[in-house]
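Okay, so here's the structure we're looking at.
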2 protein chains.
Amino acid sequence: MLLSKSCVYGVQAAIYMASLPRNEYVSIQEIAGKLNISFHFLTKVLQNLTQAKLLMSYRGPNGGVALARQASDISLADVIEAIDGGDIFKECLFGLPGCGVADPCPAHENWTSMRSRLQHLCTSLTLEELGKRANQLNVRLANADAPMNPAMLLAVMNSKNKPVGTE
Amino acid sequence: MLLSKSCVYGVQAAIYMASLPRNEYVSIQEIAGKLNISFHFLTKVLQNLTQAKLLMSYRGPNGGVALARQASDISLADVIEAIDGGDIFKECLFGLPGCGVADPCPAHENWTSMRSRLQHLCTSLTLEELGKRANQLNVRLANADAPMNPAMLLAVMNSKNKPVGTE
DNA sequence: TTGTATTAAGAGTATTTTGTCTGAATAAAT
DNA sequence: ATTTATTCAGACAAAATACTCTTAATACAA
């Protein structure tokens with residue numbers, strides 16, 4: 001895959017946040033539940049985004065994470081680079097270090113042009129746009145495969161000391 | 001990385017073969033030496049290409065592998081698909097199974113167009129063309145980093161029961 | 001001021017990918 | 001026939017990636 005799984009999770013979470021009507025703190029539990037991602041794993045992924053200043057986080061009850069800038073001011077490329085690093089947009093197709101005009105691989109020319117198209121795409125796609133699209137009918141953000149449970153049930157199941165069956 | 005390491009090795013080996021003046025059996029030792037790849041690992045990778053009928057192989061002294069078709073009739077995409085599978089040219093950016101027009105992810109449109117460009121590029125780049133380029137001055141095929149040894153020395157070092165120091 | 005809900009940090013586990021090694025099969029050369 | 005050079009097959013090891021769990025820090029609420 002082009003993107004690591006961590007990166008995909010981070011992107012999905014970012015788009016989810018951008019798809020909300022207002023930019024408030026959302027708990028990672030909620031995001032993980034909606035996107036059907038492991039809560040603990042997502043937590044770590046989002047820590048990257050927080051450190052990269054793309055998200056802000058807040059601890060304690062009613063805490064969570066929120067976009068640190070306007071959704072229109074964060075690009076897909078920003079999120080990808082924060083998690084997978086900028087190599088995707090710089091690297092040789094064959095991963096050869098130092099591949100460049102002076103010392104190219106046989107696919108250098110073709111690949112650089114391809115790569116810059118990719119970079120342009122990711123740079124121009126904003127979270128705002130992606131969030132809008134995520135809200136459209138029949139557009140989905142994540143793999144809705146296995147669990148039939150609504151997000152809240154999942155969240156309850158993940159929490160450790162709350163007795164279930166008391167609603 | 002877009003391509004797995006196995007895939008890169010396979011592509012490099014295929015281009016190397018195509019860069020030779022004539023399509024003869026070349027030992028995997030020689031290829032591994034020239035490209036600075038682990039011999040045993042490359043052997044396994046090239047077995048994929050042999051099974052996919054892109055290479056033919058011959059055992060015993062003076063044996064090796066050779067292109068099974070004309071270099072002009074094998075595309076980069078052929079090699080990539082034989083090793084990494086066709087998913088690269090089909091998969092959703094986020095790896096969502098079933099992502100398509102009926103049930104798209106927010107990046108579906110942009111990505112499919114990107115992806116088909118990529119596929120077109122890889123399909124139209126032939127081993128012949130890449131092999132020619134590999135023969136040009138200052139174009140290199142592999143990471144020539146560490147070992148200063150010429151390929152033959154490497155080959156000798158790799159062989160197990162030949163005493164070294166008898167040249 | 002104690003409990004509770006949250007993120008942060010990091011140790012630990014599982015899975016996949018990458019790389020190594022050994023032995024078998026094959027075919028040429030001696 | 002025996003030796004030698006090669007690919008083939010598959011077990012094994014190491015490294016990278018993906019995932020789980022536990023504990024700490026923080027901040028709100030009762």
Side-chain angles (χ1 to χ4, degrees), chain A residues 1-10 12-13 17 24-33 35-52 55-66 68 83-85 87 95 143 152 155-163, chain B residues 1-10 13 17 24-33 35-52 55-66 68 83-85 87 95 143 146 152 155-163:
Chain A
M1 249 201 308
L2 181 66
L3 307 176
S4 71
K5 276 195 151 193
S6 296
C7 188
V8 168
Y9 294 159
Q12 288 175 336
M17 285 184 265
E24 297 170 308
Y25 285 102
V26 189
S27 82
I28 299 178
Q29 288 250 351
E30 174 182 329
I31 304 175
L35 299 180
N36 190 22
I37 302 172
S38 145
F39 161 69
H40 289 290
F41 194 57
L42 184 60
T43 294
K44 290 252 279 244
V45 171
L46 296 190
Q47 277 169 20
N48 292 326
L49 297 184
T50 304
Q51 281 157 14
L55 299 184
M56 40 192 195
S57 68
Y58 208 81
R59 298 200 245 199
N62 304 315
V65 290
I83 297 174
D84 273 354
D87 279 2
N143 184 359
M152 253 32 239
V156 168
M157 291 172 63
N158 279 337
S159 108
K160 54 187 171 199
N161 35 21
K162 194 89 181 187
Chain B
M1 251 203 306
L2 179 68
L3 307 176
S4 71
K5 277 195 151 195
S6 296
C7 189
V8 168
Y9 293 161
M17 286 184 265
E24 297 170 309
Y25 284 103
V26 189
S27 83
I28 300 177
Q29 287 249 352
E30 174 181 329
I31 304 175
L35 299 180
N36 191 20
I37 302 171
S38 146
F39 161 69
H40 289 290
F41 195 58
L42 183 60
T43 293
K44 291 247 280 236
V45 171
L46 295 191
Q47 278 169 22
N48 291 327
L49 297 184
T50 303
Q51 281 157 15
L55 298 184
M56 40 191 194
S57 68
Y58 208 81
R59 297 201 245 198
N62 303 314
V65 289
I83 297 173
D84 275 352
D87 279 2
N143 184 359
M152 255 32 239
V156 168
M157 290 172 63
N158 280 336
S159 107
K160 53 185 169 197
N161 36 20
K162 195 89 181 187

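Proteins get letters first, then strands, A, B, ... in listed order; numbering begins at 1 in each.
A:L49 places its CG atom 14 Å from the C1' atom of C:dA8, with the value rounded to the nearest Å. Computed from coordinates, the B:L42 CG to C:dT18 C1' distance equals 13 Å when rounded to whole Å. At whole-Å resolution of the value, CG in B:N48 and P in D:dC8 are 11 Å apart. Separating the CD atom of B:E24 from the C1' atom of C:dA28 is a distance of 17 Å, rounded to the nearest angstrom. Following rounding to the nearest Å, A:M56 (CE) and C:dT6 (P) show an atom-to-atom distance of 17 Å. The CD1-C1' distance, from B:I37 to C:dT20, rounds to 15 Å in whole Å. Rounded to an integer number of Å, the gap from CD1 of A:I28 to P of C:dA8 is 6 Å. Distance A:Q47 CD to C:dA11 C1': 14 Å, rounded to the nearest Å.
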Atom pairs under 3.5 Å, N or O on each side, protein against nucleotides 16-20 of chain D: can you list them with distances?
from: D:dA18; atom 1: OP1; to: A:K5; atom 2: N; distance (Å): 3.1
from: D:dC19; atom 1: OP1; to: A:K5; atom 2: NZ; distance (Å): 3.3
from: D:dC19; atom 1: OP2; to: A:Y9; atom 2: OH; distance (Å): 2.9
from: D:dT20; atom 1: OP2; to: A:S38; atom 2: OG; distance (Å): 2.8

Tabulated below should be each protein N or O lying under 3.5 Å from an N or O of nucleotides 28-30 of chain D; please produce it.
from: D:dC28; atom 1: OP1; to: A:Y58; atom 2: OH; distance (Å): 2.6

Give every pair of a protein N or O atom and an N or O atom of nucleotides 14-16 of chain C that lie under 3.5 Å apart, one pair per line with the distance.
none

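Under 4.0 angstrom from either OP1 or OP2 of D:dC8 there lies at least one side-chain N or O belonging to B:S57. Contact annotation: A:Q51 reaches the phosphate of C:dA9 (side-chain N/O to OP1 or OP2, under 4.0 Å).
Here the NZ atom belonging to A:K44 is positioned 14.5 Å from the CG atom belonging to A:L49, to the nearest 0.5 angstrom. Residue B:T43 holds its OG1 atom at 13.0 Å from OH of B:Y9, rounded to the nearest 0.5 Å. Taking CD from A:E30 and CG from A:L35, the interatomic distance works out to 9.5 Å, rounded to the nearest 0.5 Å.
When heavy atoms are screened at a 4.0 angstrom cut-off, A:L46 is found touching no nucleic acid atom at all.
Remark: A:D84 engages A:S4 in a side-chain hydrogen bond (donor to acceptor under 3.5 Å, both in side chains) (not counting sequence neighbours). With sequence neighbours excluded, no residue forms a side-chain hydrogen bond (donor to acceptor under 3.5 Å, both in side chains) with A:Q51.
Note on ring orientation: taking the six-membered ring where Trp is involved, the planes of B:Y58 and B:Y25 are tilted (angle from 30° to 60°).
Nearest approach of B:L55 to B:M17, heavy atoms of both residues: CD2-CE, 3.6 Å. Closest heavy-atom contact between A:L46 and A:G10: CD2-CA, 4.4 Å. Contact detail for B:E24 and B:A66: the closest heavy-atom pair is O-CB, 3.6 Å. Here the closest heavy-atom approach between residue B:S6 and residue B:V45 is recorded as O-CG1, 3.3 Å. Contact detail for A:M56 and A:A68: the closest heavy-atom pair is N-CB, 3.9 Å. Taking each heavy atom of A:S57 and A:T50 in turn, the nearest pair found is OG-CG2, 3.8 Å.
Proximity of B:F39 to B:I28: side-chain heavy atoms (C-beta onward) are separated by under 4.5 Å at one or more points. Inter-residue side-chain proximity for B:V65 and B:I31 is flagged as met; some heavy-atom pair is nearer than 4.5 Å.
Summary of helix geometry: the two end axes of the helix from C:dT1-D:dA30 to C:dT30-D:dA1, each defined by five base pairs via their C1' atoms, are inclined to each other by 10° (rounded to 10°).
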